[in-house]
Amino acid sequence: MTASDSEENKQIRFDLTTSPHLHSKWSTQKVMWLVVASLAPSIFTSLLFFGLYQLLIIAVAILFAAGTEYALQVMRNKQPTILDGSAMLTGLLLALTLPPNFSLSATAIGSVVAVGLGKQIFGGLGFNIFNPALVGRAFLQAAFPVQITTWSKPHLAVDTISSATPLAAFKFDHVSTEIGPLFFGNIGGSLGETSALAILAGGFFLIAIRIVNWQIPVSMILGMIIFGGVFHLINPAVNPSPLFHIFAGGFLFGAMFMATDWVTSPITSSGMWIFGLGISLILVVIRLYGGLPEGVMYSILFMNAFVPLINRLTQPAIFGIKQGGQNEKSY
Amino acid sequence: MTIKTFRGGIHPPEYKELTQNSVFEKVPAPGQIFLPLTQHLGRQAIPVVKKGSVVTAGMLVAQADGFISAPIHSPVCGTVANLGKQITSSGFPKDTITIITNGQTEAAFMSPMDPETITPDDIRKRVADAGIVGQGGAAFPTSVKLTPPPEKLIEFVILNGCECEPYLTRDYRFMLERPDAVIGGLKLILKVLGVQKGIMGIENNKPAAIEKMKNYLRDEKDLSVVVVKTKYPQGAEKMLIKAITGREVPPGKLPMDVGAVMQNVGTAVAIYDAITKGEPLITAALTVSGKGIKNPKNLIVPVGTPIKDVIDHCGGLTDNAAKIIVGGPMMGAAQYDLSSPVMKATSGILVLTKDEVETKQETTCVRCGKCVEVCPLNLLPTRLARLTQLQRYEDAEMIGITVCMECGTCAYTCPSNIPLVQWIRLGKQKVFRLQKERSASEN
Amino acid sequence: MLKEQLVEEGIVSEIKNSVATVMLANKESCNECSAKLFCNPKGEDIRGLSAADPIGVNVGDRVIVSLGGEHLLTAALLLYGVPLVILIAGILTGYYLFEKNTELHSTFLGASLTGLYYLVIHSCSRKENRGKKFLPKIVSVEHVNPSTKQ
Amino acid sequence: MKKVIRMILTLSIIGIFSGGVLSKINDWAVPYIEANKKAATEKAISLVQPEGKNYERIKEAPFEAYKVFDEQNNLIGYSLVYEGNGFQGKIRLMAGVSVDLNKITALEILEQVETPGLGTKVTKEPFTSQFNNLITTPQIDWVKGVKPDKPNEIQAITGATISSKAVVAIINSGIDQLRNFHDSGVK
Amino acid sequence: MVLTFIVAIVTMGGLGFIFASALAVADKKLKVVEDLRIAEVNEILPNANCGACGNAGCYDFAVKVVQGKVDPSKCTVGGQDVIDEVSRILGVEAGSSTKMVARVLCRGGNAEAAQKENAAYYGPQSCSVQALVGGGDKLCFDGCLGGGECVDACQFNAMYMNDNGLPVVIEELCTGCGLCAKACPRNIIEIHPVDRTLFVFCKNHDDPKTSKKVCKAACIACGICARKSDGGVVMLDNLAVINYSKLDISKIPLDKCSTKAIDFVHADVQITEEKIPAEVS
Amino acid sequence: MELFLIFISAALVNNFVLAYFLGICPFIGVSNKISSAFSMGLATTFVMTITAIVSWLLFNLILVPYNLEFLQIPSFILVIASLVQFVEMFIKKVSQPLYRALGIFLPLITTNCAILGLALFASMREYTFIESIIFGVGAGVGFILALVLMAGIREELELADVPKAFQGAPITLIVAGILALAFMGFAGMI
Amino acid sequence: MKKQVTLSKEFLKGLWDINPIFKQVLGMCPTLAVTVSAINGIAMGLATTFVLVCASLLISTIRKLIPTQVRIASFIVIIATFVTIVDLVMKAKFPELSKALGPFIPLIVVNCLILGRQEAFASKSKPLRALLDALGNGAGFLLALFVLGGIREIIGSRTLLGFQVMPNGFEPWLIMILPAGAFLTLGLLLGFANLYTGRRDRFEKEALQAQYRSVGKEAVFQNDPSEKS
Ligand SMILES: Cc1cc2nc3c(=O)[nH]c(=O)nc-3n(C[C@@H](O)[C@H](O)[C@H](O)COP(=O)(O)O)c2cc1C
Ligand SMILES: Cc1cc2nc3c(=O)[nH]c(=O)nc-3n(C[C@H](O)[C@H](O)[C@H](O)COP(=O)(O)O)c2cc1C
Ligand SMILES: Cc1cc2nc3c(=O)[nH]c(=O)nc-3n(C[C@H](O)[C@H](O)[C@H](O)COP(=O)(O)O)c2cc1C
Ligand SMILES: Cc1cc2nc3c(=O)[nH]c(=O)nc-3n(C[C@H](O)[C@H](O)[C@H](O)CO)c2cc1C
Ligand code: SF4
Ligand code: SF4
Ligand code: SF4
Ligand code: SF4
Ligand code: FES
């Protein structure tokens, strides 16, 4: 065993790793910050429509999310990884699903729950089953159902739409809202969800740079057109058109930013289709027959629970093994 | 014409421009060479020389041990200095014959034969005697591949000219510089196997080579060129067969099970040379490239030349060189000992720079599914790696860890920078050990 | 994803026509379970189980038995799924058929239809080999009984 | 065989003992339970018909309802027990109704499984007291977020609109039933 | 009232009767014979299911003990208490077990073993993985990699990594279960009877010249120990190997071994009785 | 429609496991294999349906007429137990292989408070005969759903880095909590 | 190995060492369902304890008379009888409570805790020990129910046993009295209980190792060949 003694080799320490020696340009950290960037339009519209106070909500949510992540990782003697941005993203997304002028202390609780119960208790990034931000929001909705359904009027409302959200208005008062305001966002609703324009801008950006798997938003929208359409055709007087379903409430926001969460969505593309269609189906049922006006959050969480089953169902057959034929191993 | 390909895969930057126009350059033998006894898959060769033996170029120094093995010939004239151990590009010490060269250039090759009149059995014997091993990377003894069991019906021979690994341009140069040898080799292979149909698979990023080969094959009705998509790992046996024929080689099965035999372009050249010149496999054609090397080149080097000498021949390392790889960047092995020699199947020596190999922080798997999407064999790399980490080898076995060909596609694409291949390789090893134990306990 | 099976460890006590009787020890978790009244009304500590033996084990070997595996679902559907449907269908039919003592009668109808179904199953599964695939399978030998090794 | 007999005997004896003991304890408990039930109904009736002193179940009605009398045994109204679906499950309530069925005297929720702290507000003040002396013709209606300005309107509880609506709907259909029953002539 | 009473009694008694009959039938049909002692023995065993006894877990052991196929003393984990108790149940003579312990047969820690000069390993810090990638940072291809996989494998907390990067077995806690030995990719850990004290603490098969370069604690295959030992030590492929059946310790010239590759175990890191703080032992 | 509502209510809105906390033991102890979970769930549904039928008959044809409501608990228990025992023996007679494939599931987890709870709920709510059968089936389907979802999640969690103290029952309960949150979306549907 | 333990231990073990909920994870259903408030928890705990004690006492008294084959069936019938008694008494004397605990009183029958204790203990022990064991386990169950109910009541409705303990400014978390809150709280409680015991065990082990290590280190350096040569 003769280690080479040549002069120049001594200065260089060669890295020993296995192949491959090239890597793509992505890193989790980069991805997370790009998602944050793509949320900028939504943040901007939320401030525009609901006032600067919302910045406080966002700040509190991010701060507590990151703080919880840090504290729990330190407690588990793990290398803190808050800089990978995923906790902050969770906080930001949580904030954007809250109603305007929501209480800051409740926001903080939601953030702590989102990261603590939604993510870290499963082992941290990548191990959670449910979308953490939505776990936080669902917790808040169950803990403070009245506050979280109290909606402030947007500053820039064109007419005197009451503070109720389009969906609540539809559900309880059978008032439909025009697509125009729905699209631009000067309506009642959660911070990030009101402006479809801003969401689509961010969403298309993410799809374009291949962070978001296009299958999920597309299948959700398609599903909504199918299922919403069927109900609409059955009884147009009671059931709104699919277009209304798509632009009202958190549908687009959920489709672009929340159902697409890598961790909690299926890993195969056929799985993503099932996932998206499932969300739409459940959403339509909840919106039309449930007691609650909105169900994006619940349908995403519900389908999150199905993801392990979907993954198993859609597991690709190993190359060379015909679909269905089991790799029968005898030993 | 639609460009054929397979599902999955990636397209890393090619970096072929560094060497694709550099003509093969012959490198003289250095003062000392190392001939490891395992330059091929299979049983280690048995030395037939002793310390102090004098050898000439082309002389047999170690003979094959059984069917799946290959003899080794001295590429130089000189004296056997030692029979000991030497670290090889695998990173582990292997039994090695060390030869001090004496600068003489005479050669003792076998007698040339006429490719037109030669019989299949003679070809087979010559290929075995010449110690030819697959030049595509796996270094499988070629004579074995050319001796399929009689019950297997071989329908075509595919010549693999994909060279899908970034940086490497050896096969490309072969096709440009020695088209006659490539075609000649292919015809010899067809002859051995008694097959009519010969196909060359070439990626569409090598238009010059495609052009050239098509020109040469214009009059051949049974030989053709199939252009395949530039995509890694297009050159992998299973993938290329799938792309060209649409057939899938099942796990644990060989190409011959679906009627194909595949050889690398370089292998064809080696066969041609062994027949027409009587030259055993004693040189390695390789690409020396990468940003960490001063003058990237394509070289023809005597087997056994230490990597260091090859690098020196190319002007040495740049200041920011950080990693030396033998083979391609996707499947090659990192080196730490530059005295390790060039071997029969070495296809490239790459030197990557600091900024290229900078290890990004590894995070946990975010289940993005990208690895699943790109795995050409439809495996679930993330799960294989995780199960190995958790030491659940049986489960890993159930979902096909042993099928993985370690192409590295998954690890390339993983945004979390998980060393997936490293884990999978470990898992495979453990599973193989388990399987061995199992069969032992059954008997 | 993972090939699924419910596995139990046990010791082979008898082998006949490559069907082995395997003794399973009650797991600790069984101790406290109130379902014991139904699952193990006699409170035995050991249960016997027949398992197909594709690998050739010996008496005394400690083996892993996989319950079901691929055919588990089929078996469950055959045994519980279909009869459930028949039972309910029978009862619903009976409910509209009978005038007096409806409940009792329709229950009888449902139950007898189900019984009929089971009879069909019975005659089907008497053929030796058809049933064998449903048997739990011995998948591996954990420990070879040293006394039978020679 | 001896074992079998012993098994059967043991279990039968334990069963017999169990049956016997329980029967005796039941004999003791039944009067109390009956009394409790009666007291509960009485209490509810006295709550929804404060003036009532006496009551009598309307046996002919296909639902639970009572005639309520004052000290002089004059009929002063009815107590109607009716149920329907709320937000989570059944809501069962008792409403006191005037003799002409045009006014509610008071409302008492008997059973519900609404969300504690939210839907359960319908069982409490100030929601229930809105029903005191509420006009029932035309049908009771509800408003949201604003003070009711009609005599047949109540204000729904914020965050529990569904439960509030459910209560209104149950009373409305109950009174309809009572009215039909009334109109069909049986007194 | 009386009627209710009677009906109640009849109902419950009848139900009891039916159920008991069902059980009786089932008892006949689904009969299992069992040796009650198996359960009894199983209860006594430590239930660590470690396999130290050579059986597949404690229950297996219980079955075999009751069947008389193995000796109760084979359970070394439970200690003498358990053996005595099991023997009492079975009415056999209590044997005594020799305690087995794990021995780490490599002393090439960070201080002794030479490092590869040009290499820096990146990746998971686990022995098995390092062993795959060029054999880790050390030059020796047979020595301890220092990743501590064995320590992680030990369920009994009987191991730790010392500051020199070598695993240490705490003899008192070690049950001899062999999990660590199984985990080690380099096969450095072996299980030996506790009273066996002389070992060759090296597994390197390199030729003398190389092994000298590779590690200060390596067996350099000089063969001195073998020559004097009358077969107690033999040289196998450049490594001294002790043949315990022929070993006569007094014949081994321990002080002649220049690297101390052959040595007593307690001269090393193992803890002897006196050194243990009182509360622990 | 009423029947359909009973079904949906029992299966989704008022899921036995997630809203009524019945059958938590098998839910926590459920095997992490999906097809076993499904098979167990199916067996449970079968027993639940039979239970619904028999307990209705017992209650309405014997206990009520003879004023024996107080014997509800012990008699339900005994009847269900003997029934399960009979079914087991019957199935064994019918098809040895099938029985052996999963006969042990029948009693293994089929009997827990969910079964008795079902019988009690059905009699408490004074369901009609058909209603209680549908109720039984619905509860069983809900049980399958909860069990299978949990099994899938468990399988996934085996790969996760759950803190040691939270492995097993705690994380299962927390997942159940989040599932219960998700099921709240169906609230108000009945 | 079964060793005779002192009578007081027989009682105390139920409180923590083998606490039915925190350690054995038994009888989850009533635990989750009834603990919307502390008082409900206490009532349920008492009812369960009553049944447990009576059944244990009776069964350990007649344990020799019951053939093993019908052992479990007999236990269940006996337990069911006592549960019915509790149910009837509650209905007669505490109608409000009976309503609050709903169908969960009958379900005590299938509470795994009770049968488990009969199987594991009462059927093998003398009445006195069985009594103590039952009391201990009952108390442990009660304690756990009280803790869970207390937490849920305090956060979910600001009160404890009906008295307001949280300031008015505190907005009660409705979720705590919903099913989801029950699962989450119990999950966290169990986790923290494990954390506590795990920590304790780990500290013990670490302390032990550290002691060995301190000795071991010396030995290594004494014997370092590099120093010697
Ligand atoms: C992605 C996303 C998901 C949401 N999911 C829900 C939901 O499931 N239920 C809900 O009430 N609100 C949800 N919201 C909040 C809003 O949609 C808002 O509640 C809705 O517009 C009107 O709801 P309301 O009438 O219940 O008050 C979600 C918001 C976003 C951005
Ligand atoms: C991931 C992967 C990539 C490969 N790429 C090439 C390639 O680009 N060119 C090539 O000739 N062989 C490549 N091979 C090797 C081929 O699979 C095959 O072994 C070879 O073409 C057979 O010819 P040979 O025996 O002459 O080497 C690759 C193998 C793998 C596993
Ligand atoms: C946890 C939770 C519990 C709820 N409970 C009730 C309830 O008991 N009764 C009810 O009418 N609505 C309940 N709701 C439904 C919503 O509050 C619904 O949005 C509301 O009925 C709409 O009324 P609003 O327009 O006054 O906000 C609940 C919602 C949540 C999230
Ligand atoms: C496309 C995309 C969408 C994401 N959506 C969410 C989300 O909805 N909620 C969330 O908590 N984290 C989201 N993340 C961040 C990250 O995946 C999340 O923190 C993990 O779920 C935590 O394990 C998203 C990340 C990406 C790349
Ligand atoms: S290395 Fe293996 S798992 Fe990864 S992509 Fe290649 S074949 Fe698939
Ligand atoms: S590519 Fe990496 S992060 Fe994505 S699923 Fe695969 S292993 Fe996980
Ligand atoms: S793992 Fe090794 S050190 Fe630990 S107890 Fe077993 S044999 Fe001893
Ligand atoms: S002894 Fe083996 S397992 Fe332990 S640290 Fe050394 S190499 Fe690793
Ligand atoms: S208490 Fe065990 S299932 Fe409910």
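Lettering follows sequence order; numbering is per chain, from 1.
- Summarising the geometry of G:Gly191 relative to F:Ala165, their closest heavy-atom pair is O-CB, 3.5 Å, with the distance given to 0.1 Å.
- Between F:Phe21 and G:Phe183, the two ring planes are tilted [angle within 30° to 60°].
- Here the OG1 atom belonging to G:Thr81 is positioned 9.5 Å from the CD1 atom belonging to F:Ile73, to the nearest 0.5 angstrom.
- For F:Phe76, no part lies near chain G; criterion is any non-hydrogen pair under 4.5 Å.
- Contacts between F:Leu120 and chain G at a heavy-atom distance below 4.5 Å involve the side chain alone, from C-beta outward.
- Note that the OG1 atom of G:Thr84 and the CG atom of F:Leu71 stand 7.5 Å from one another [nearest 0.5 Å].
- Dense packing is recorded around OH of F:Tyr127, with more than 12 heavy atoms of other residues, nucleotides or ligands lying under 6.0 Å away.
- Between G:Leu178 and F:Met184, some side-chain heavy-atom pair lies under the 4.5 Å cut-off.
- Looking at G:Ile175, the atoms closer than 4.5 Å to chain F (heavy atoms on both sides) all sit in the side chain, from C-beta outward.
- In terms of non-hydrogen atom pairs under 4.5 Å with chain F, the most contact-rich of G:Pro106, G:Gly198, G:Gly181, G:Gly187 is G:Gly187.
- A distance of 5.0 Å separates CD1 in G:Ile76 from CD1 in F:Ile77, rounded to the nearest 0.5 Å.
- Residue G:Ala193: no heavy atom, backbone or side chain, is found under 4.5 Å from chain F.
- The side-chain heavy atoms of G:Leu188 and F:Ile174, taken from C-beta on, include a pair separated by under 4.5 Å.
- Of the atoms belonging to G:Leu195, heavy atoms from both backbone and side chain fall under 4.5 Å from chain F.
- Taking both residues in full, the closest heavy atoms of G:Leu190 and F:Ala169 are given as CD1-CB, 4.1 Å, listed atom of the first, atom of the second, then distance.
- Using a 4.5 Å cut-off between heavy atoms, G:Phe192 touches chain F through backbone and side chain atoms alike.
- Going from atom CG of F:Leu18 over to atom CG of G:Leu32 covers 11.0 Å, rounded to the nearest 0.5 Å.
- Counting non-hydrogen atoms of neighbouring residues, nucleotides and ligands closer than 6.0 angstrom, the CZ atom of G:Phe94 reaches no more than 12 such neighbours.
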